[in-house]
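Below: the structure, in structure tokens.
Treat the numbers as computed from the prediction; the structure is a model and nothing was measured.
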Amino acid sequence: MSLHKLLARLNLPSNRRKSIKKEALAPYTYTPIDEAAGEIRLLTLHKGKPGDPIKITLLNTPFTVDNVPAFEAVSYTWGSPENPVDVFITHSRGTVRTLSVTKNLGEALPYLRYRDRDRVLWIDAICVNQQDLEERNQQVQRMAEIYSKAVRVVAWLGPSTEYTPVAIRCFKTITSNVKGNWESHTLVAVSGDGSWADPTFPLPFNDEEYLAVTEFLSSKWFERLWIYQEIRLSSADSILLCGQYNIQWESFRNALHTLYRKVHLGNIPSNPRDLMEIASHLCDYGGEISIQALLDQTKNCKCSDPRDRIFALLSLVPKSRRRFGITPDYTKSPGDVYADAFKRIAAHSMSIRILLTAEMDESTENRSTWVPDWSRPKVSFMLPQHYAAGNSRNMPQFPSKRVMQVEGTIVDSISLAEPFQASNNTRTMAQEVKRIILLLMPTTSEMEDSSLRSMCRALCAGEFSDRYAPPRETLPDIPQTVQHIREIIVAHEDAWPYLKTNILSKIEWYAKERCVCKTSKGRAVLAPKTTRPGDVVTVLLGCPNLMVLRSTQDGPFKVVGEAYCDELSYGEVLMGPVPEPFKIVLRWDENDQCYDRAFLNLETGSFQLEDPRLSQFPLPLGWRKERHRREERYQWFVNDITGEGARGDPRLTTEALRERGVDIHTLNLV
């Protein structure tokens with residue numbers, strides 16, 4: 001379109017058209033934001049018909065606790081900076097200027113524009129002066145507030161195709177028949193057809209419909225790291241917009257829960273499964289979520305700055321742990337950001353749970369292995385958090401920049417480590433399970449129920465239905481798993497029974513990119529991919545899972561990564577076996593929509609928070625239990641001498657454990 005025609009369509013008077021021609025549409029100059037007044041810029045996207053040029057007005061607007069303007073926030077992928085698009089911004093005094101935006105945003109604006117009325121939006125690429133580093137840093141600090149207080153968030157997925165309405169129809173069909181709960185992992189039928197809520201019953205979609213769903217989920221939007229903040233903090237009215245088609249975010253999230261739960265049924269190609277896995281991480285939230293869980297969910301997301309692996313997640317952790325004292329600082333190197341975050345998170349939680357995100361790889365040669373390299377995706381999925389160190393605390397010490405000192409004990413060593421070759425193909429998975437078990441358990445005596453049970457529990461990282469109260473029906477139960485795996489081992493492939501995908505898919509999830517190991521004491525261990533003979537299995541105070549460490553020539557240990565062993569993951573090393581009739585479970589809390597650890601009395605059906613193995617020991621001098629508003633979820637201990645309060649049990653300190661004969665050492669990690 002010629003400049004003359006463009007100016008005519010902007011409805012400007014002739015004298016302004018001449019002036020603009022003379023100025024050749026100079027670049028837009030931002031009016032500085034008054035930070036003291038809490039200002040942000042809001043964009044008015046003026047109404048227009050398809051094909052009309054995009055007309056925008058920007059206005060600096062106070063955005064404070066007492067003054068929240070009505071606007072919608074746009075979530076989108078910036079895309080390639082190549083082939084930018086000019087948009088035209090009108091000053092209040094009538095002058096027109098241009099601003100270059102990425103092609104992806106340029107494609108979105110016509111779909112965001114209304115025909116009959118103006119629309120007030122917040123779009124970061126336009127509302128923030130990207131050339132002003134100070135303003136950009138200041139406005140980034142407010143993005144969580146902006147997205148959470150917007151009337152709604154509009155997520156732009158890109159232009160539509162012929163398959164877009166088919167995919168949206170599938171999502172809406174699911175939502176009209178079944179309601180899923182990401183927190184409790186349950187499905188409830190809301191129509192008369194109960195098969196929708198049956199996790200063993202396939203969805204009634206054909207190949208074309210699955211293709212449409214696959215195309216919808218292949219949008220680059222789902223891969224962005226910052227969308228976790230943008231959509232999770234948004235209002236219930238937020239939508240996904242694909243061309244002219246849209247769907248409510250909560251409707252999509254509900255549909256994806258059912259899709260993801262049933263994707264292993266039928267002959268669905270691996271690509272849709274991978275895409276659903278990426279989208280499921282985004283949708284799986286509610287209740288409390290830990291920083292280590294967030295890091296695992298977002299490990300494959302894309303961001304241009306590796307420091308955002310931490311900074312983009314700070315607003316998503318529970319308010320009680322918000323920010324951990326971490327302030328985004330882009331002058332620090334990624335390594336320094338990660339080390340500082342590790343120390344602050346450990347100090348705030350009085351534990352080293354964050355160490356679960358560390359995993360040895362080839363990049364660890366020239367850095368401290370206890371500092372997770374969050375810029376490199378962890379190749380395996382995080383294991384479920386267990387109870388290896390009980391409810392203990394650990395305040396690590398840092399005698400030098402490279403060394404971290406922790407308290408713990410070495411309980412076993414690796415004698416055999418075999419990589420598990422996972423596959424999406426059910427029969428191939430069954431073949432691999434058989435190979436691994438026969439390799440690690442070659443004799444008939446090792447095939448006894450107890451040994452095979454421990455091996456099955458290791459392959460599934462202890463994630464079975466009876467781990468939860470009430471039991472999670474979608475998970476395999478241990479007797480069924482042992483029986484099925486025994487049938488696979490004993491029978492020839494031609495005589496195999498119907499292969500149970502819920503069991504083999506659970507093994508695939510946790511054993512993928514890991515080693516299945518045998519220890520010097522004959523235990524089965526699921527360990528990191530880089531585990532090798534001679535590595536040691538440890539229990540570290542304040543760490544819920546076992547950790548595999550590797551000794552060095554000069555004494556300190558390197559961190560290999562987290563592990564699971566059925567005989568060692570429930571506090572046995574520090575406190576002995578759980579006495580009958582008790583069992584450790586994760587109990588569902590309806591109020592907070594989350595699971596908490598408790599001890600189930602199998603005889604009475606009652607629950608208690610007190611570990612029965614500690615009941616015989618009095619609290620150390622000065623300590624007492626204190627009642628609190630969430631006492632049905634966890635215990636709170638107070639020291640009347642020091643004034644200290646903590647969730648960690650003071651009967652599991654280094655001193656208390658040593659008094660009871662537990663061999664606790666200070667371990668140096670490098």
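With W182 contributing its side chain and R253 its backbone, the two residues share a donor-acceptor pair below 3.5 Å. Looking at T538, its side chain never comes within 3.5 Å of a backbone N or O of I410 through a donor-acceptor pair. When atom types are taken as modelled, the side chain of S351 and the backbone of C543 share no donor-acceptor pair closer than 3.5 angstrom. Checked by atom type and distance alone, the side chain of D596 never pairs as donor or acceptor with a backbone atom of R587 at under 3.5 Å. No donor-acceptor pair under 3.5 Å is formed between the side chain of S569 and the backbone N or O of D566.
Here R523 contributes atom CZ and S413 contributes atom OG; the two are 10.0 Å apart, rounded to the nearest 0.5 Å. Here the straight-line distance linking atom CZ of R472 with atom NE2 of H185 works out to 4.0 Å at 0.5 Å rounding. Interatomic distance, Q593 CD to N181 CG, rounded to the nearest 0.5 Å: 5.5 Å.
For the pair R647 and Y634, the cation sits on the ring face: its NZ or CZ lies under 6.0 Å from the ring centre, inside 45° of the axis.
Remark: K343 NZ is packed, more than 12 non-hydrogen atoms of other residues, nucleotides or ligands lying under 6.0 Å away. For E473, the CD atom counts as loosely surrounded, since its 6.0 Å shell holds 12 or fewer non-hydrogen atoms of other residues, nucleotides or ligands. Other residues, nucleotides and ligands contribute only 12 or fewer heavy atoms inside 6.0 Å of the CG atom of L621.
A salt bridge is absent between K521 and E567; no separation between the charged side-chain nitrogens and carboxylate oxygens falls under 4.0 Å. Using a 4.0 Å cut-off between charged side-chain N and carboxylate O, K512 and E277 make no salt bridge. The pair D592-R630 meets the salt-bridge criterion, since a charged nitrogen lies less than 4.0 angstrom from a carboxylate oxygen. The pair R309-D373 does not meet the salt-bridge criterion, since no charged nitrogen lies less than 4.0 angstrom from a carboxylate oxygen. In summary, K583 and D466 engage in a salt bridge, as defined by a charged side-chain N under 4.0 Å from a carboxylate O. Ion pairing between R514 and E562 holds under the 4.0 Å rule for side-chain N and carboxylate O.
Between Y228 and Y285, the gap from one ring centroid to the other reaches at least 6.0 Å.
The only option from L574, T653, T409 that meets the side-chain contact (heavy atoms from CB on, under 4.5 Å) definition with L541 turns out to be L574.
Every side-chain hydrogen bond (donor to acceptor under 3.5 Å, both in side chains) that W588 has, sequence neighbours left out, goes to E590.
Shown here for I641 and G622, the closest heavy-atom pair between the two residues is CD1-CA, 3.9 Å.
Applying the salt bridge (charged side-chain N to carboxylate O under 4.0 Å, His left out) test to residues at least two apart or on different chains, the pairs with a partner in residues 525-545 are E513-K529, D535-R550.
Counting only N and O atoms by type, the side chains of S520 and D412 include a donor and acceptor under 3.5 Å apart.
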For this session: Output, in order, the C-alpha distance, side-chain angles, deciding distance and verdict of ring pair (Phe, Tyr, Trp, His ring centres under 6.0 Å) for W374 and Y338.
Result: CA-CA 8 Å; W374 291 306; Y338 296 165; 5.2 Å; yes

